[in-house]
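Right, one structure below, let's go through it.
Chain A is the first sequence line, chain B the second, and so forth, proteins listed ahead of strands; every chain is numbered from 1.
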Amino acid sequence: MENKGITSREDFSQWYNDIVIKAGLAEHSEVRGCMIIKPYGYAIWEKMQAILDKKFKETGHENAYFPLLIPKSYLSKEADHIEGFAKECAVVTHYRLKTSEDGTGVVVDPDAKLEEELIIRPTSETIIWNTFRGWVQSYRDLPLLINQWCNVMRWEMRTRLFLRTSEFLWQEGHTAHALESEALEETEKMLDVYADFSEKFMAIPVIKGLKTPTERFAGAVETYCIEGLMQDGKALQMGTSHFLGQNFAKAFDVKFATKEGKLEHVWASSWGVSTRLMGALVMAHSDDSGLVLPPQLAPYPVVIVPIYKGEEQLAEINEVAFEIKSKLEAKGIEVKYDNRDTHKPGWKFADYELKGVPVRLALGKRDLENGTIEVARRDTKEKTTVERATIDKYVDDLLKEIQQNLFDKALDFRKNNLQKIDDFDEFKKVMKEGKGMVSAHWDGTAETEQKIKEQTKATIRCIPLDVIDEDGECILTKKPSKRRVIFAKAY
RNA sequence: CGGGGUGUAGCGUAGCCCGGUUAUCGCGCCUCGUUUGGGACGAGGAGGUCGCAAGUUCGAAUCUUGCCACCCCGACCA
């Protein structure tokens, strides 16, 4: 019964697709590059949203909503920005359809051509900064701390469910500050929020760092990121936070009067995480039997499955099961009791395993007689029988243990797959074998970065924030280097 | 967007090279019965524009052309 319908991790791409589809997270839509997020997948995303949204609000941000459509002219105001996104923008040119001549369908009405074409947002910096101009006049209006949850569209050549789709869901924070230092502080603060979320809730350790100019967000002065390591040894950028300097303030003429009465451009940040995090969740923890969810993000961390013969027995079990459910819920644990008569216990076991439910409780006649219940944990697949009287505490502790265990396993994996390397041949070998991340010296030039990419397929994921300065030589050019950076193949 | 591959019932497939009754098998689905501690068993049943569109032909799942979608590998990107 192992690996039911799931390709093994040796074929990582196929394995990933199998899990996303079979665990009911998402499926492909009829529209190229888009996905349908199914209820179970969306429930996980809602959990992520709820946790992050709370953190955003705790750090002083407010939610707002800006339009999907952006006037084309806005995008041309910040040169680097348009450079970065022009190639992947969807454009709205008309506003009406009409019945075709032969009456069999609809066609675009040529008379309904827009005077100014509209862009479906690939990100909202431009429309937001155009709006901020009207919101900011004095230092008293600052800081402006805005977030929005929305969809964006980037016309991708090659898509993969969650990891890269043309339309995806995300949040984008946009802030304006009076001082450069405040904007920088904000940028770093939100990076910390993301890192904390990733490690405490997703149970994925991340490296916080700075992007090289090559990898920097179009229009940013600095891009910070968190990088996670997936089970196939590739790195995944899980969140970004940008210090925008005064670039957008200048492009959209957002000025404020200082206490001294001088007019100055505001300083800005923007930061975001997307449904890509769903992909990270799958690739970091899951196994050949399916999805493995950290309890903190599982739509229901506990499922109870009754095992019974006949309605009479079910009635008895129902009574006890509901009692257990209430006890667990009293501890703040969400529980699904699956007493559907349309599926057999064995089928349910397999299904919840595939869906990655952290803890499964099985309750049968034998348990009723012995005052026990069977507990199975998804991460290790261990089963034990527990006294029913103490089940709430047991499960509560177990969920915490699973959460910690997943993080520890992921951290161990990263420790074993992040090596300091000083020899380029060895570097190449590591990349060829897909052995993960490499910490190496780099001379700081884009040329070297590019050459290394060509020869190894690895890119600089980030310059870690906690790096200790040490003198060394660039792994490729042997030129002097002051610190190590993280290289890896990336998603 | 370039290279390779795939497309037959909800899913996985046989048939295609070499055109010819009613398109194969498994899973799933429906009904009835027996079952229920790791994807139950028996009997019966439903379900198909063979990805789409043209073409060749007496006749196309099968041959030709075009298109579409998906998967894998590149370039691009979060």
Side-chain angles (χ1 to χ4, degrees), chain A residues 1-7 11-14 16-18 21-22 27-35 83-89 122-123 152-172 194 211 214-218 223 225-228 235-242 270-280 289-290 305-311 313-314 317 339-354 360-370 372-374 376 381 383 385 453-454 457 459 461 489-491:
Chain A
M1 67 138 292
E2 287 289 307
N3 315 346
K4 196 88 180 185
I6 301 223
T7 310
D11 185 352
F12 201 80
S13 295
Q14 194 56 50
Y16 174 81
N17 287 331
D18 283 351
I21 302 285
K22 302 238 163 83
E27 61 188 49
H28 290 281
S29 81
E30 291 301 302
V31 180
R32 182 198 196 100
C34 294
M35 66 176 161
E83 179 83 12
F85 287 107
K87 295 183 297 297
E88 48 194 34
C89 286
T123 176
V152 288
M153 174 159 273
R154 298 176 189 177
W155 211 265
E156 295 291 345
M157 293 303 170
R158 191 178 155 198
T159 60
R160 300 197 57 193
L161 292 171
F162 291 120
L163 295 174
R164 176 167 297 108
T165 46
S166 286
E167 181 192 17
F168 57 91
L169 306 184
W170 78 345
Q171 59 66 218
E172 45 180 326
Y194 290 155
K211 285 292 186 193
T214 317
E215 303 270 332
R216 194 180 282 157
F217 173 71
T223 288
C225 63
I226 51 170
E227 294 283 329
L236 181 75
Q237 179 173 305
M238 291 172 60
T240 50
S241 186
H242 315 288
S270 71
W271 28 274
V273 295
S274 72
T275 36
R276 175 177 247 205
L277 290 179
M278 297 285 297
S289 307
V305 176
I307 295 152
Y308 60 94
K309 238 179 240 189
E311 294 204 3
Q313 239 181 55
L314 176 60
I317 292 172
N339 61 354
R340 286 177 298 172
D341 195 34
T342 49
H343 295 279
K344 315 233 323 174
W347 188 94
K348 293 175 185 174
F349 289 179
D351 192 49
Y352 290 119
E353 199 162 274
L354 194 51
R360 185 188 70 233
L361 304 178
L363 190 62
K365 184 161 182 279
R366 222 155 59 204
D367 294 302
L368 290 193
E369 284 160 3
N370 301 336
T372 57
I373 187 160
E374 186 191 82
K381 302 228 195 107
K383 282 200 268 198
T385 301
K453 186 181 175 184
E454 280 161 16
K457 305 228 170 88
T459 50
R461 298 325 303 150
K489 288 191 201 167
Y491 274 96

- Message: Between B:rC11 and B:rG28, how far apart are the two P atoms, rounded to whole Å?
- Response: 15 Å
- Complementary nucleotide of B:rC58, counting Watson-Crick and G-U pairs under 3.5 Å: B:rG20
- Query: Mind checking the P distance from B:rC71 to B:rG47? Whole angstroms is fine.
  - Reply: 32 Å
- Query: B:rG2 and B:rC41: how far apart are their P atoms, nearest whole angstrom?
  - Reply: 49 Å
- Can you tell me how far P in B:rA78 sits from the matching atom in B:rU13, rounded to whole Å? 35 Å
- Please say whether the positively charged group of A:Arg276, taken as NZ for Lys or CZ for Arg, lies over the ring of A:Phe168, i.e. under 6.0 angstrom from the six-membered ring centre and within 45 degrees of the axis. no
- Between A:Glu27 (CD) and B:rA69 (C1'), how many Å, whole number? 14 Å
- Task: Please measure how far the C1' atom in B:rG10 lies from the corresponding atom in B:rU65, and state the result in whole Å.
- Result: 32 Å
- Message: Under 3.5 Å, is there any donor-acceptor pair linking the side chain of A:Lys344 to the base of B:rG37?
- Response: no
- Protein-nucleotide distance (A:Asp18, atom CG; B:rC70, atom P), rounded to Å: 17 Å
- Does the side chain of A:Thr214 come under 3.5 Å of the side chain of A:Arg216 through a donor N or O and an acceptor N or O? no
- Message: Taking the C1' atom in each of B:rG15 and B:rC76, what is the distance between them to the nearest angstrom?
- Response: 41 Å
- Task: Assign A:Gln313 to base, sugar-phosphate, or nothing according to its heavy-atom contacts below 4.0 angstrom with the strands shown.
- Result: nothing
- Message: Please give the distance between the P atoms of B:rA43 and B:rC17 as a whole number of Å.
- Response: 36 Å
- Query: Counting any heavy atom closer than 4.0 Å, what does A:Gly33 reach on the DNA or RNA strands: base, sugar-phosphate only, or nothing?
  - Reply: sugar-phosphate
- Taking atom C1' in both B:rU6 and B:rG59, what distance in whole Å separates the two? 28 Å
Using a cut-off of under 3.5 Å, enumerate the N/O to N/O pairs linking the protein to nucleotides 71-78 of chain B.
{"residue": "B:rC71", "atom": "OP1", "partner": "A:His28", "partner atom": "NE2", "Å": "2.8"}
{"residue": "B:rC71", "atom": "O3'", "partner": "A:Asn17", "partner atom": "ND2", "Å": "3.4"}
{"residue": "B:rC72", "atom": "OP1", "partner": "A:Asn17", "partner atom": "ND2", "Å": "3.3"}
{"residue": "B:rC73", "atom": "OP2", "partner": "A:Arg158", "partner atom": "NH2", "Å": "2.4"}
{"residue": "B:rC76", "atom": "OP2", "partner": "A:Lys453", "partner atom": "NZ", "Å": "3.1"}
{"residue": "B:rC77", "atom": "O2", "partner": "A:Arg164", "partner atom": "NE", "Å": "2.2"}
{"residue": "B:rC77", "atom": "O2", "partner": "A:Arg164", "partner atom": "NH2", "Å": "2.3"}
{"residue": "B:rC77", "atom": "N3", "partner": "A:Arg164", "partner atom": "NE", "Å": "3.4"}
{"residue": "B:rC77", "atom": "N3", "partner": "A:Arg164", "partner atom": "NH1", "Å": "3.4"}
{"residue": "B:rC77", "atom": "N3", "partner": "A:Arg164", "partner atom": "NH2", "Å": "2.3"}
{"residue": "B:rA78", "atom": "O3'", "partner": "A:Gln237", "partner atom": "OE1", "Å": "3.4"}
{"residue": "B:rA78", "atom": "O3'", "partner": "A:Gln237", "partner atom": "NE2", "Å": "2.3"}
{"residue": "B:rA78", "atom": "O2'", "partner": "A:Arg276", "partner atom": "NH1", "Å": "2.4"}
{"residue": "B:rA78", "atom": "O2'", "partner": "A:Arg276", "partner atom": "NH2", "Å": "3.0"}
{"residue": "B:rA78", "atom": "N6", "partner": "A:Thr165", "partner atom": "O", "Å": "2.6"}

- Task: Could you tell me the separation between the CE atom of A:Met35 and the P atom of B:rC70, rounded to a whole number of Å?
- Result: 14 Å
- Message: Tell me the closest heavy-atom pair linking A:Glu27 and A:Ile21, and the distance in Å.
- Response: CA-CD1, 4.2 Å
- Note on the structure: A:Lys381 NZ to B:rG39 P, in whole Å, measures 15 Å
- Message: Output the rounded distance in Å from NZ (A:Lys22) to P (B:rG10).
- Response: 17 Å
- B:rG39 P sits how many Å from A:Trp347 CH2, rounded? 13 Å
- More 5' along RNA chain B: A:Leu363 or A:His343, using each one's nearest nucleotide? A:His343
- For atom CH2 of A:Trp155, is the number of surrounding heavy atoms from other residues, nucleotides or ligands below 6.0 Å larger than 12? no
- Identify whether any heavy atom of A:Lys348 sits under 4.0 Å from a base atom; if not, whether one sits that close to sugar-phosphate; answer base, sugar-phosphate or nothing. nothing
